[in-house]
Amino acid sequence: MAKKMHFTEMDQYLFGQGTHYEIYKKLGAHATTQNRRKGVYFAVWAPNAQAVSVIGEFNEWDEQANPMERVGEIGVYETFVPGAKIGQLYKFYIKGMHGENLYKADPYANEAEMRPGTASRIADLSDYTWKDATWMKNRESFDETKSPMAIYEVHPGSWKKHPWTEENKEGFYNYREFAKELTAYVKEMGYTHVELMGIAEHPFDGSWGYQVTGYYAPTSRYGTLQDFKYMIDYLHRNKIGVILDWVPAHFPRDAHGLAMFDGTAVYEHADPRQGEHPDWGTKIYNYGRPEVKNFLIANALYWIEQCHVDGLRVDAVASMLYLDYGKQSGQWVANKYGDNKNLEAIEFFRHLNSIVMGRNKGTIIIAEESTAWPMVTGKAEDGGLGFSLKWNMGWMNDFLEYMKLDPYFRKYNHNKMTFAMMYAYSEKYILVLSHDEVVHLKCSMLNKMPGELDDKFRNLKVGYTFMMMHPGKKLLFMGQDFGQLREWSEERELDWFLLEEENHQNLKEFYKELLHIYRKYPAIHATDNDPEGFEWINPNDGDRSIFSFVRKSPTKRNNILVVCNFTPVDRPDYRVGVPRKKQYKLIMNESGMCTPQVFKAEKKECDNRDYSFAYPLPGYGIAVFVY
């Protein structure tokens, strides 16, 4: 007979320490059998509640039907409800500390009701048979510093939509349909990973998933927990890695969510100077409280260990690290040393990164950190935060500022494109052109470019080539690889119809070929974090706005020479200095991959080098050579 489920003394001890890494198997709703009766075990942490009961479809939402019993000092309530079934909706009815009547969704629920409903749904964590064993085995040896990583950032609800029907008014693809369509596209293009936005359950579409109410529940907009696992499984079987956006920085105030969970500040700081983001109108987690840290760290482990996700991209890291982030004086409280560093958040990150990656070899955690905080990707034991990779926002801002300029003015801003190499090895970076850059009147990538429409396409091709050849992993938001014209909106699908036009189709093919070359040649991806792997040929050709550099292969074979011309001026007799007297094979130009042409270096000084060769470089010209 199955042992009766119970929140034991050991559970209480580990949870109180913040180290109950599979707490989601105890808290929440779990189908089980007690005294030969099938039903569901419910448990919730509400330390300052006067009383708690579970209400749902199994008891006609009767607040008196299933009272819960308090277990020990830590404030967990539990009960077993015979006859409750998988698929039924439920909430916790909490009599708050001051007598409030609170109706809360389950913080540990694995499924949620489709919005605008706010209830939780009983789910079965074990009801899926994985078929991605080969991927999971290979993942253990994945090294993000040496492997190619070209990430496709996707918002599932607006990537593609079905035509409107009475049954599916919003046109959402189910996770299973989405898996097949997305896989086909990603494989065709040559991306290595997808990064999915807005997966954890959230009430408001317009938040894009950055205001989470169900941390353990894949959003019901696109299907069930099993559908979600199928999607991950399918991507893995097609050799595509999956990264999820993860938001431990803040949570919304929705009445059914975590805010004032038992009538008191349970998950957030009680002091609004520590517990609220004035700019965002959201609550800040109390990272010093062990049970709150446990909730978040176990959540990261849940996605990686239960759902086979390969990595997490942590949103808004800077807002967690700085106590005064987005705040005026008087709106924040200094730490014990009198400064603005959030010591508890620093400790939280070190704990998170060491435990998640220590238990799951080959997984990654990426920081979206927008300041110059030192050693974000440094080891915790050396004083770092322990992340795998960091978004390079500095590179992104400089790159976009430069690309927006009329080519005539680029010569005065040449250093915007070279500056990132001054700090390229201070962290392990991802170069990003993310969703944030193509919304809120910032224009799509194509429409940021200067000039007439043809010029815009040519500009964007040079820009993408520069990005792909520059040290750092890569991320591009959906729609930007074929030149989406409109800004992104979560309310409609991408403008796929543009692919019927030649210049959009051309750009897509060009980007696909860039991805192909990026993956094929280790010189472009295996030495991203090795200063020996990059060398400028000429970083100072500002007058002509031409950049030339080499990427060196770890094996010394198949090195890459890159030349990018950022003005419309043809250079029919362009000469480039080269590292040695070899043959240089042109494999890609502004039209894409080309029939290889061989150029021989001759003893002729150029760019402070003894050897060089000349070839015609057109306006907005690109040349990628292998030597």
Side-chain angles (χ1 to χ4, degrees), residues 399 402-418 446 449-470 502-503 506-507 509-511 513-514 517 521 523-524 535-551 559-627:
F399 174 80
Y402 181 86
M403 292 307 301
K404 286 178 202 164
L405 291 168
D406 180 294
Y408 178 79
F409 295 107
R410 286 178 177 165
K411 61 181 170 221
Y412 306 115
N413 291 269
H414 195 73
N415 66 320
K416 280 198 164 50
M417 295 291 264
T418 58
L446 188 72
M449 302 298 121
E452 298 292 319
L453 194 59
D454 280 355
D455 287 331
K456 288 181 187 296
F457 280 101
R458 292 164 74 194
N459 267 293
L460 197 50
K461 284 181 179 180
V462 194
Y464 282 163
T465 305
F466 185 86
M467 173 184 182
M468 198 65 79
M469 300 296 154
H470 191 286
E502 191 182 356
N503 46 15
N506 271 347
L507 178 63
E509 286 303 310
F510 181 85
Y511 199 79
E513 291 173 355
L514 270 180
I517 285 176
Y521 291 101
I524 319 172
E535 189 182 336
W536 284 112
I537 295 291
N538 190 344
N540 302 317
D541 194 353
D543 283 347
R544 298 188 295 180
S545 300
I546 295 173
F547 300 85
S548 50
F549 56 89
V550 293
R551 297 295 307 272
N559 303 295
I560 301 285
L561 166 67
V562 183
V563 181
C564 293
N565 178 5
F566 282 92
T567 70
V569 180
D570 293 340
R571 307 286 174 189
D573 53 352
Y574 181 75
R575 181 169 285 276
V576 61
V578 292
R580 51 182 79 105
K581 190 178 181 183
K582 293 274 177 192
Q583 293 194 344
Y584 293 79
K585 184 169 73 176
L586 181 70
I587 55 168
M588 186 167 194
N589 63 21
E590 57 287 340
S591 307
M593 283 157 77
C594 53
T595 311
Q597 257 181 296
V598 176
F599 295 85
K600 283 184 179 161
E602 52 189 342
K603 193 162 171 50
K604 195 164 189 181
E605 199 274 337
C606 181
D607 297 326
N608 293 321
R609 290 164 190 274
D610 294 339
Y611 297 99
S612 64
F613 66 87
Y615 72 99
L617 180 67
Y620 299 124
I622 296 157
V624 179
F625 301 90
V626 177
Y627 69 95

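Judged as a side chain to side chain donor-acceptor pair (under 3.5 Å), and not counting sequence neighbours, the contacts of Ser612 are Arg575.
Checked by atom type and distance alone, the side chain of His414 never pairs as donor or acceptor with a backbone atom of Phe547 at under 3.5 Å. Side-chain atoms of Asp543 never come within 3.5 Å of backbone atoms of Lys411 as a donor-acceptor pair (strictly under, hydrogens ignored). No donor-acceptor pair closer than 3.5 Å links the side chain of Asp570 to the backbone N or O of Pro572. A donor-acceptor pair is defined here as one N or O able to donate and one able to accept, closer than 3.5 Å; such a pair exists between the side chain of Arg458 and the backbone of Gly619. Formation of a donor-acceptor pair under 3.5 Å by the Asn459 side chain with backbone atoms of Gly463 is not found in this model.
Here NZ of Lys461 is found 6.5 Å from CG of Leu507. Values are rounded to the nearest 0.5 Å. The distance from atom SG of Cys564 to atom CG of Asp541, rounded to the nearest 0.5 Å, is 12.5 Å. Atom CD1 of Ile537 and atom SG of Cys606 lie 9.5 Å apart (nearest 0.5 Å). In this structure, Leu586 CG and Met593 CE are separated by 11.5 Å, a value rounded to the nearest 0.5 Å. Atom-to-atom distance recorded for Thr465:OG1 and Glu513:CD is 10.5 Å, nearest 0.5 angstrom. Rounded to the nearest 0.5 Å, atoms CZ (Phe599) and NZ (Lys585) are 13.0 Å apart.
When all heavy atoms of Asn589 and Phe510 are compared, the closest pair comes out as O-CE1, 3.5 Å. The two residues Ser548 and Val576 come nearest to each other via the heavy atoms CB-CG2, 4.2 Å. In terms of heavy-atom proximity, Met403 sits nearest to Phe566 at SD-CE2, 3.5 Å. The two residues Met449 and Leu460 have their closest heavy-atom pair at CE-CD1, 3.8 Å.
Remark: Arg410 qualifies as a cation-pi partner of Tyr402 under the 6.0 Å distance and 45° angle criteria applied to the six-membered ring. Both the sub-6.0 Å distance and the 45° axial angle are not jointly satisfied by Lys600 relative to the ring of Tyr584.
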For this session: Show your working on side-chain contact (heavy atoms from CB on, under 4.5 Å) between Leu561 and Asn559 and close with a plain yes or no.
Result: CA-CA 7 Å; Leu561 166 67; Asn559 303 295; over 6 Å; no
Problem set entry | Test log, rule ring-ring contact (aromatic ring centres under 6.0 Å, His included), inputs Tyr620 and Phe457 | CA-CA 10 Å; Tyr620 299 124; Phe457 280 101; over 10 Å; no
For this session: Test side-chain contact (heavy atoms from CB on, under 4.5 Å) on Tyr511 and Met468 and set out the steps.
Result: CA-CA 9 Å; Tyr511 199 79; Met468 198 65 79; 3.6 Å; yes
For this session: Please lay out, stage by stage, how Ile546 and Tyr574 fare under the test side-chain contact (heavy atoms from CB on, under 4.5 Å).
Result: CA-CA 10 Å; Ile546 295 173; Tyr574 181 75; 3.6 Å; yes
Problem set entry | side-chain contact (heavy atoms from CB on, under 4.5 Å) between Ile524 and Met469, intermediate numbers included | CA-CA 6 Å; Ile524 319 172; Met469 300 296 154; 3.8 Å; yes
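Put simply, the side chain of Ile622 does not reach to within 4.5 Å of the side chain of Val563, judged on heavy atoms. Side-chain contact between Thr567 and Arg544: absent, with no pair of heavy atoms (C-beta onward) separated by less than 4.5 Å. Using a 4.5 Å heavy-atom threshold, the side chains of Trp536 and Asp607 count as separate. The shortest distance between side-chain heavy atoms of Pro407 and Pro568 falls below 4.5 Å.
A salt bridge links Arg609 with Glu535; the closest basic N to acidic carboxylate O contact falls under 4.0 Å.
Environment of NZ in Lys581: sparse, with no more than 12 heavy atoms of neighbouring residues, nucleotides or ligands closer than 6.0 Å. The local environment of CG in Asp406 is crowded, with over 12 non-hydrogen atoms from other residues, nucleotides or ligands closer than 6.0 Å.
Ring geometry for Tyr408 versus Tyr412: interplanar angle over 60°, hence perpendicular rather than tilted (30 to 60°).
Of the residues listed (Val550, Val578, Ile560), the one engaging Tyr627 in a side chain to side chain contact (heavy atoms under 4.5 Å, CB included) is Val550, and it is the only one.
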